[in-house]
Amino acid sequence: MGPKLADSVDGLRAAGNQSFRNGQFAEATVLYSRALRMLQAQGCSNPEEESILFSNRAACHLKDGNCRDCIKDCTSALALMPFSMKPLLRRASAYEALEKYPLAYVDYRTVLQIDDRVASALDGISRMTRALMDSLGPEWRLKLPAVPLVPVTAQKRWDSVPLEYHKEKAKRKFRETTTSKGRVSSAGDVERARVLKEEGNELVKKGNHKKAIEKYSESLSFSDMESATYSNRALCHLALKQYKEAVRDCTEALRRDGKNVKALYRRAQAYKALKDYKSSLADISSLLQLEPRNGPARRLQQEVKQSLN
């Protein structure tokens with residue numbers, strides 16, 4: 001028995017959500033469609049509600065493997081509420097399933113402009129990069145559609161990222177950490193990683209730390225054995241005041257090279273910002289054992305000691 005059909009838009013949407021949670025995607029599609037017809041018949045403008053209904057119906061189509069209708073509904077949702085993350089991610093998944101990799105890449109990249117922490121988009125970019133390099137060759141970036149520039153107002157609208165994205169990211173990070181020792185990269189992957197790292201370095205020079213993080217993340221998806229890539233990404237996290245992420249990246253860098261002075265210094269900076277002064281001093285001490293005359297480290301040491309007093 002399905003849920004009792006409601007006689008309001010909110011009721012129909014709630015019933016559709018329940019059917020979706022129960023795995024009854026066809027039934028949920030019918031309920032969302034009824035809600036859309038009712039909302040449109042009322043004649044009152046409610047673009048956010050209408051966009052959500054299109055996006056929810058798109059999720060049903062995606063679950064049922066109906067990628068073309070998923071794309072249509074996501075496009076309708078985005079026309080009403082541009083730069084909404086859920087329809088962008090769902091449309092990207094549908095494009096990917098249809099092997100329309102350039103279009104999937106653009107949608108994943110758009111999501112990362114809104115929030116560079118969304119794990120499903122980071123994973124999608126890695127997959128699309130591999131697929132596009134294989135299909136279009138080394139000049140693949142020149143053959144892509146333009147990626148729309150997300151306005152700051154849209155980025156602020158999505159500052160509060162749903163908890164599931166953070167959980168997903170944490171799981172992905174754990175998988176990367178626990179499997180990295182057994183990963184073997186081909187010579188081609190190592191070269192791709194090097195090129196992407198250099199692109200990240202150029203972005204850092206221009207002060208574009210957010211996009212540099214994306215490049216370093218792509219680089220690490222091909223080969224995660226180079227300590228400098230992690231310490232470079234940590235620099236970007238520091239610039240963006242993402243101190244916990246900086247600590248994690250520096251720790252990964254030091255696992256690969258315990259004498260990475262930049263990683264020690266940046267982790268010390270991040271610990272200081274997090275007010276973990278003892279850990280900060282421990283990293284500075286390790287750094288000064290390697291480079292006793294390192295001026296910036298000695299100055300940071302004095303700053304941390306003053307904070308302890």
Side-chain angles (χ1 to χ4, degrees), residues 1-98 103-104 106-108 110-121 123-124 148 150-171:
M1 290 290 292
K4 183 179 178 181
L5 295 186
D7 57 359
S8 69
V9 172
D10 288 343
L12 286 165
R13 177 153 70 96
N17 293 347
Q18 185 59 52
S19 293
F20 186 90
R21 286 192 290 269
N22 293 339
Q24 299 167 322
F25 306 122
E27 184 173 273
T29 299
V30 171
L31 290 164
Y32 292 138
S33 297
R34 284 194 59 185
L36 273 166
R37 288 195 297 271
M38 184 177 292
L39 183 66
Q40 291 163 353
Q42 290 171 358
C44 56
S45 178
N46 193 339
E48 186 170 2
E49 176 71 17
E50 194 172 350
S51 177
I52 290 169
L53 287 167
F54 274 118
S55 180
N56 288 2
R57 192 170 69 178
C60 299
H61 292 318
L62 190 61
K63 288 288 187 181
D64 281 336
N66 184 357
C67 294
R68 287 178 172 78
D69 281 344
C70 172
I71 290 167
K72 288 178 184 177
D73 275 355
C74 288
T75 302
S76 295
L78 291 163
L80 291 159
M81 293 293 291
F83 306 113
S84 299
M85 283 204 290
K86 285 186 178 180
L88 279 168
L89 287 167
R90 287 163 185 166
R91 190 171 68 177
S93 295
Y95 279 140
E96 185 176 350
L98 293 173
L103 295 173
V106 168
D107 278 351
Y108 285 131
T110 303
V111 170
L112 291 175
Q113 284 187 70
I114 299 165
D115 192 315
D116 62 8
R117 299 166 294 176
V118 179
S120 55
D123 290 339
V150 179
V152 174
T153 52
Q155 293 178 39
K156 289 180 178 177
R157 174 156 54 97
W158 301 109
D159 272 348
S160 299
V161 181
L163 180 61
E164 58 265 26
Y165 290 131
H166 294 298
K167 288 181 178 177
E168 184 184 355
K169 182 187 177 189
K171 290 178 183 176

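For I114 against F83, the heavy-atom pair with the smallest separation is CD1-O, 3.4 Å. Closest of all the heavy-atom pairs between P148 and V106 is CD-CG1, 3.8 Å. In this structure, A28 and C60 approach most closely via the heavy-atom pair CB-SG, 3.6 Å. Residues A35 and V9 share a closest heavy-atom pair of O-CG2, 3.9 Å. Among all heavy-atom pairs drawn from A92 and A104, the shortest one is O-CB, 3.5 Å.
Under the 4.5 Å side-chain criterion, counting only non-hydrogen atoms from C-beta, I71 is not in contact with H61. Contact of the S93 side chain with the D107 side chain is not registered, since no non-hydrogen atoms from C-beta on lie closer than 4.5 Å. Counting heavy atoms from C-beta outward, L103 and L98 have side chains that stay 4.5 Å or more apart.
S76 pairs by the side chain to side chain contact (heavy atoms under 4.5 Å, CB included) definition with F54, not counting sequence neighbours. Partners of A59 according to the side chain to side chain contact (heavy atoms under 4.5 Å, CB included) rule, which considers only residues two or more places apart in sequence or in another chain, are F20, R90. With sequence neighbours excluded, the residues that form a side chain to side chain contact (heavy atoms under 4.5 Å, CB included) with I52 are R13, E48, N56.
Side-chain N or O atoms of E27 include none that pairs as donor or acceptor with a backbone N or O of S19 at under 3.5 Å. Remark: side-chain polar atoms of Q40 are not paired, donor with acceptor, to backbone N or O of E50 under 3.5 angstrom. With hydrogens and angles disregarded, a donor-acceptor distance shorter than 3.5 Å links the side chain of Y32 to the backbone of N17. D115 places a side-chain N or O within donor-acceptor distance of the main-chain N or O of R117, the cut-off being under 3.5 Å.
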Kindly determine whether L89 and V118 satisfy side-chain contact (heavy atoms from CB on, under 4.5 Å), including the steps that lead there. CA-CA 10 Å; L89 287 167; V118 179; 4.2 Å; yes
Please walk me through it: do L78 and S84 pass side-chain contact (heavy atoms from CB on, under 4.5 Å)? CA-CA 6 Å; L78 291 163; S84 299; 4.3 Å; yes
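In this structure, CD in E49 is found 9.5 Å from OG in S51, a value given to the nearest 0.5 Å. T75 contributes atom OG1, which lies 11.0 Å from atom CG of L80 (distance to the nearest 0.5 angstrom). Interatomic distance, C67 SG to E96 CD, rounded to the nearest 0.5 Å: 10.0 Å. Interatomic distance, CZ of R57 versus CG of D69, reported as 8.0 Å (0.5 Å rounding). Going from atom CZ of R91 over to atom OG1 of T110 covers 8.0 Å, rounded to the nearest 0.5 Å. Rounded to the nearest 0.5 angstrom, T29 OG1 and N66 CG are separated by 8.5 Å.
For R68, the CZ atom sits in a loose shell: 12 or fewer heavy atoms of surrounding residues, nucleotides or ligands are nearer than 6.0 Å.
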